[in-house]
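The structure appears right after this line, and notes come after that.
Numbered from 1 within each chain, the chains take letters A, B, ... in sequence-line order.
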Protein chains: 2
Amino acid sequence: MSAHSEHMNETAAPRDHACRVLVVDDEDALSDLLSMALRYEGWETRAEGDGTSALRTAREWRPDAVVLDVMLPDMDGLAVLGGLRRALPEVPVLFLTARDAVEDRIAGLTAGGDDYVTKPFSIEELVARLRGLLRRSGALSVRPESVLVVGDLTLDEESHEVARGGSEIELTATEFELLRYLMRNPRRVLSKAQILDRVWSYDFGGRANVVELYVSYLRRKIDAGRQPMIHTRRGAGYLIKAASGEHAGITARAGSLSPSGGLAGEDER
Amino acid sequence: MSAHSEHMNETAAPRDHACRVLVVDDEDALSDLLSMALRYEGWETRAEGDGTSALRTAREWRPDAVVLDVMLPDMDGLAVLGGLRRALPEVPVLFLTARDAVEDRIAGLTAGGDDYVTKPFSIEELVARLRGLLRRSGALSVRPESVLVVGDLTLDEESHEVARGGSEIELTATEFELLRYLMRNPRRVLSKAQILDRVWSYDFGGRANVVELYVSYLRRKIDAGRQPMIHTRRGAGYLIKAASGEHAGITARAGSLSPSGGLAGEDER
DNA sequence: AGGAATTCTCAGCGGATTCACAGGAATCCC
DNA sequence: GGGATTCCTGTGAATCCGCTGAGAATTCCT
């Protein structure tokens with residue numbers, strides 16, 4: 001909670017928030033989690049638990065994007081989609097679907113440019129997808145470049161390419177998500193708990209030790225031999241920053257700067 | 001610096017101006033899907049479910065193209081076509097017909113340079129056909145070249161010719177569509193679900209495994225022995241890009257330009 | 001109809017990935 | 001220094017994912 005303070009970022013953040021996101025899911029725990037994460041991202045949110053209210057809210061509140069669970073108590077997700085389209089033809093939709101239903105009725109959902117995420121997902125993934133949708137729909141005031149840059153390290157969210165000093169680095173899916181999270185919050189300490197909550201699926205039952213493991217993997221690939229960029233703050237967490245010797249805080253998001261950094265004044269656990 | 005590239009939308013939809021497309025179909029699900037896909041392509045759409053309203057909208061809204069299901073509840077496709085021609089003599093029409101429709105009748109309809117697609121179709125196919133119609137009718141402000149280029153790989157959407165490094169490559173229909181989709185989104189990871197939604201017909205019930213299969217076919221024909229251009233991002237999807245060693249991001253649509261690839265000063269890999 | 005080309009299912013292989021565990025290294029505190 | 005705490009990383013097991021061969025089903029061509 002804490003003051004949803006506006007923290008100074010290295011560059012003036014062009015407020016691409018103000019986006020409104022409607023979350024439609026009947027699991028309260030999940031939609032709370034999501035709302036919090038999205039609000040964190042700088043977006044406004046509303047949550048609804050059933051199709052009928054969702055449609056009402058959609059009409060009245062006119063969100064810029066919708067996160068829609070395809071399994072709803074009162075009406076089929078597809079029916080909700082139909083209503084949505086009629087009310088807000090342009091609004092992009094991010095579907096949530098159960099893992100095993102994947103093959104099922106996702107057909108055609110992404111054809112129009114919408115996207116989906118299978119449960120259980122990681123917040124990082126969901127937010128990234130949503131950001132992609134908003135970017136494409138033009139809802140973001142400034143269309144952000146898809147490349148994150150910290151020092152001589154770059155990460156392209158569209159091609160999933162990562163390179164340091166020009167040479168490409170191969171990462172696994174988890175490594176990629178972890179690095180993206182770190183790079184989205186350069187020079188900011190992230191606790192293992194935060195990382196776990198953000199990068200691993202919300203139902204992950206494992207030990208916090210995986211974070212150490214994956215940081216270790218990342219270091220091997222990214223800091224190998226060179227000036228280290230990933231640093232440990234014992235007892236607090238990890239952070240990434242341009243290697244000393246680099247130009248100061250060349251730590252920007254190529255086009256605009258993400259406010260997402262927004263983890264200002266976060267609390268640790 | 002160079003970083004300031006104007007970024008584009010997902011599908012290499014070259015923002016060819018806001019063409020207006022009228023969709024006439026009585027199946028809501030399908031016309032929703034279509035509207036969505038076309039809007040995504042950068043076009044404006046209106047949907048109507050019967051011939052009468054379709055004609056009214058055609059007269060008032062004056063679309064640049066019409067997608068017309070020949071099976072309508074109130075009037076025969078032929079009658080609608082007649083009305084259309086009277087109202088908008090020049091407008092190109094893309095017919096939707098059932099697979100087993102009487103072929104010669106359609107042949108008659110499309111005599112004027114119109115085109116048709118049989119249900120069930122893939123979004124890729126429909127969009128490509130429509131783009132062709134618009135291109136020919138001159139409705140597109142910038143007439144895009146019909147050749148997609150990525151590295152030394154070229155694909156001509158009109159002649160359906162594909163060549164790598166000058167030597168021609170024979171592809172089956174599905175392989176062609178898959179490659180076109182990849183090439184329209186160079187250097188962007190496309191998930192198997194996205195590919196399935198876009199390249200396979202909307203009613204395809206099969207497993208995502210076909211995508212792997214067809215990627216495998218494509219690789220045999222395109223990457224055979226040479227520097228691979230089709231890459232797997234395990235856990236994420238596939239992407240195509242110029243082989244390393246090629247000229248930088250010569251990854252353009254000959255006429256308009258496409259995403260990230262383009263500009264000089266990009267780093268190579 | 002007969003044969004060829006194409007599409008697709010199925011199943012198995014093999015390597016990549018994820019993760020638990022545990023011992024060792026670094027750091028902190030008294 | 002000594003012990004406690006925290007972090008790092010090698011090892012190995014279970015699992016997941018993608019690739020591909022074989023062949024059935026379908027469509028296309030003549």
Under the side chain to side chain contact (heavy atoms under 4.5 Å, CB included) test, residues paired with A37(B) that sit two or more places apart: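 Scan of A37(B) (side chain to side chain contact (heavy atoms under 4.5 Å, CB included), adjacent residues dropped) gives I123(B).
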
Test side chain to side chain contact (heavy atoms under 4.5 Å, CB included) applied to S167(A) - qualifying residues, sequence neighbours left out: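 With neighbours one apart ignored, the set is R226(A).
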
Secondary-structure string, 5' to 3', Watson-Crick or G-U under 3.5 Å, | for another-strand partners, for DNA chain D: ||||||||||||||||||||||||||||||

Partner set under side-chain hydrogen bond (donor to acceptor under 3.5 Å, both in side chains) for [X], not counting sequence neighbours:
| X | answer |
| --- | --- |
| E170(A) | none |
| S122(A) | E177(A) |
| T232(A) | R219(A) |
| D26(A) | none |

Ionic contact status for K119(A) with D69(A), cut-off 4.0 Å: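 Salt bridge: yes.
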
Sequence neighbours excluded - ring-ring contact (aromatic ring centres under 6.0 Å, His included) pairs with any residue from residues 144-165 of chain B: H160(B)-F176(B)

DNA chain C: 5'-most and 3'-most nucleotides touching chain B, 4.0 angstrom heavy-atom criterion: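 Extent of the interface on DNA chain C: dT6(C) to dT17(C).
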
Residues forming a ring pair (Phe, Tyr, Trp, His ring centres under 6.0 Å) with H231(A), sequence neighbours excluded: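 Counting only residues at least two positions away or on another chain, H231(A) forms no ring pair (Phe, Tyr, Trp, His ring centres under 6.0 Å).
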
Footprint string (nucleotides 18-30 of chain D, 5' to 3'): B base within contact, S backbone only, - free, heavy atoms under 4.0 Å: BBBS---------

Please set out all donor-acceptor pairs under 3.5 angstrom arising from side-chain atoms of residues 210-217 of chain A, sequence neighbours excluded.
residue : atom : partner : partner atom : Å
E212(A) : OE1  : N209(A) : ND2          : 3.1
E212(A) : OE2  : K192(A) : NZ           : 2.8
S216(A) : OG   : R220(A) : NH2          : 3.3

